K.L.:
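Would you mind keeping the following structure in view while I ask a few things?
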2 protein chains.
Amino acid sequence: MALLDIAEVAERSGLAPSALRYYERRGLIASEGRNGLRRTFGSEVLVRLSLVACARASGFTLAEIARFVTATPDDTELRVHLAAKAEQLDAEIDRLTRMRASLRHAAVCTRSPLVECPEFKQAISDAPAA
Amino acid sequence: MALLDIAEVAERSGLAPSALRYYERRGLIASEGRNGLRRTFGSEVLVRLSLVACARASGFTLAEIARFVTATPDDTELRVHLAAKAEQLDAEIDRLTRMRASLRHAAVCTRSPLVECPEFKQAISDAPAA
DNA sequence: CCTTGACTTGAACCTCGCTTCAAGTCGAAG
DNA sequence: CTTCGACTTGAAGCGAGGTTCAAGTCAAGG
């Protein structure tokens with residue numbers, strides 16, 4: 001099993017070396033050891049980084065992700081947090097779906113200014129919490 | 001038509017006065033005039049702030065929002081941008097939907113650590129761009 | 001008129017997620 | 001052995017989205 005150095009991990013993950021060091025500092029990833037001063041990583045770090053990317057894209061902060069990657073099944077507090085986060089994602093999916101509809105309308109609308117269009121406003125404001 | 005002062009707008013919008021001043025500076029909102037030095041706003045600023053909140057929650061930057069709130073139908077470049085943004089929202093909705101499924105699974109999973117669960121990984125990695 | 005509360009301003013500050021910089025280290029290759 | 005490229009470190013910096021602070025202003029009320 002070949003260890004990867006930071007440049008390789010960076011190349012294959014699409015992240016900057018500086019970001020990898022930052023992530024290590026924040027506890028999201030860990031190197032396996034050192035070759036001199038240089039970090040060496042197992043190939044599973046790539047899977048970890050893929051998860052990090054996905055979570056970030058879903059609105060998790062790095063602190064949340066760091067918390068999550070070390071989680072074990074008996075971590076009840078985290079489970080509650082995850083369930084709550086899933087609820088948040090429900091709301092966000094709703095919101096994005098509506099905003100997408102508004103944007104699609106705005107892309108063809110003839111009203112001036114666009115944001116005063118009743119149809120646009122309607123799509124935006126179909127919110128339970130107005 | 002009663003003009004609102006910044007404290008009232010802040011109260012009713014849930015934003016800090018400092019945020020309102022910041023938004024004004026960035027061109028997202030405008031006061032109607034001044035009472036002495038104090039800003040006075042028309043009640044339609046509340047609708048505007050609602051739109052701003054919605055757009056922010058959908059991933060727009062303040063610069064994008066400022067651009068958008070002044071848009072007119074002949075603004076072709078912006079229309080292209082809006083259509084592209086709607087596509088982005090498509091992808092993001094997909095992503096969030098998958099992440100939500102992963103979180104729901106993680107909330108009940110018995111695997112340790114949670115992120116090594118194959119089912120979890122599967123839900124995350126059902127990505128066209130892995 | 002005076003007082004006062006809440007505004008104003010501009011600049012410095014904060015968090016987050018990074019990046020850049022300067023000075024130093026060191027393994028690998030020749 | 002020397003050289004050198006790419007790493008290391010810690011600190012300072014960046015942009016985004018704000019917040020806080022200190023000093024000043026002023027309308028409204030008494």
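Please read all numbers here as calculations on a predicted model, not as lab measurements. Numbered from 1 within each chain, the chains take letters A, B, ... in sequence-line order.
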K.L.:
Kindly determine whether B:Asp5 and B:Asn35 satisfy side chain to side chain contact (heavy atoms under 4.5 Å, CB included), including the steps that lead there.
P.N.:
CA-CA 9 Å; B:Asp5 89 331; B:Asn35 176 8; over 6 Å; no

K.L.:
Are the side chains of B:Ile93 and A:Glu92 in touch, meaning some heavy atoms are under 4.5 Å apart?
P.N.:
no

K.L.:
Rounded to the nearest 0.5 Å, what separation is found between the CG atom of A:Leu49 and the SG atom of A:Cys54?
P.N.:
12.5 Å

K.L.:
Any ring-ring contact (aromatic ring centres under 6.0 Å, His included) involving residues 79-106 of chain A? Give me the pairs, sequence neighbours left out, ordered by first then second residue.
P.N.:
none

K.L.:
Whole angstrom is fine here: how far is it from CG in A:Leu49 over to P in C:dC18?
P.N.:
11 Å

K.L.:
Can you tell me how far P of D:dG15 sits from CZ of B:Arg26, to the nearest Å?
P.N.:
11 Å

K.L.:
Check each of B:Leu3, B:Leu4, B:Ile6 against B:Arg39 using the side chain to side chain contact (heavy atoms under 4.5 Å, CB included) test, and report the only one that passes.
P.N.:
B:Ile6

K.L.:
Donor-acceptor pairs under 3.5 Å, side chain of residues 11-20 of chain A to any protein atom, not counting sequence neighbours: which ones?
P.N.:
{"unit_1": "A:Ser13", "atom_1": "OG", "unit_2": "A:Val9", "atom_2": "O", "d": "2.7"}
{"unit_1": "A:Ser13", "atom_1": "OG", "unit_2": "A:Ala10", "atom_2": "O", "d": "3.4"}
{"unit_1": "A:Ser13", "atom_1": "OG", "unit_2": "A:Leu15", "atom_2": "N", "d": "3.2"}

K.L.:
Could you list, one pair per line, each protein nitrogen or oxygen that sits under 3.5 Å from a nitrogen or oxygen of nucleotides 9-11 of chain D, together with the distance?
P.N.:
{"unit_1": "D:dT9", "atom_1": "OP1", "unit_2": "A:Arg34", "atom_2": "NH1", "d": "3.4"}
{"unit_1": "D:dT9", "atom_1": "OP1", "unit_2": "A:Arg34", "atom_2": "NH2", "d": "3.1"}
{"unit_1": "D:dT9", "atom_1": "OP2", "unit_2": "A:Arg39", "atom_2": "NH1", "d": "3.0"}
{"unit_1": "D:dT9", "atom_1": "OP2", "unit_2": "A:Arg39", "atom_2": "NH2", "d": "2.9"}

K.L.:
Any salt bridge between B:Glu64 and B:Lys85, counting N to O under 4.0 Å?
P.N.:
yes

K.L.:
Salt bridge or not for B:Arg100 and A:Asp90, using N-O below 4.0 Å?
P.N.:
yes

K.L.:
So, using side-chain hydrogen bond (donor to acceptor under 3.5 Å, both in side chains) as the criterion, who are the partners of A:Arg21 when residues are at least two apart?
P.N.:
none

K.L.:
Does B:Tyr23 put a side-chain nitrogen or oxygen below 4.0 Å from OP1 or OP2 of D:dG18?
P.N.:
yes

K.L.:
Check each residue of residues 55-68 of chain A for a non-hydrogen atom within less than 4.0 Å of any atom in DNA chain C, then write out the ones that pass by number, or none.
P.N.:
A:Arg56, A:Thr61, A:Leu62

K.L.:
Out of D:dT20, D:dA6, D:dG18, which nucleotide sits closest to the side chain of B:Ser18?
P.N.:
D:dT20

K.L.:
With a 4.0 Å limit, can you tell me whether B:Asn35 has a side-chain N or O closer than that to the phosphate oxygens OP1/OP2 of D:dA28?
P.N.:
yes

K.L.:
Judged by each residue's nearest nucleotide on DNA chain C, which is more toward the 5′ side, A:Gly36 or A:Ala19?
P.N.:
A:Ala19

K.L.:
Which pair of non-hydrogen atoms, one from A:Arg79 and one from B:Ala106, has the smallest distance, and what is that distance?
P.N.:
NH1-O, 2.7 Å

K.L.:
Could you state the atom-to-atom distance from CD1 of B:Ile29 to P of D:dG18 in whole Å?
P.N.:
11 Å

K.L.:
Within this structure, what is the CZ-to-P distance between A:Arg38 and C:dC26, rounded to whole angstrom?
P.N.:
11 Å

K.L.:
Go through the steps to decide whether A:Met99 and B:Phe60 satisfy the test side chain to side chain contact (heavy atoms under 4.5 Å, CB included), and finish with yes or no.
P.N.:
CA-CA 11 Å; A:Met99 177 55 90; B:Phe60 285 83; 4.1 Å; yes

K.L.:
Enumerate the residues from residues 4-17 of chain A whose closest heavy atom to DNA chain C is under 4.0 Å, giving them by residue number; use none for an empty result.
P.N.:
A:Ala16

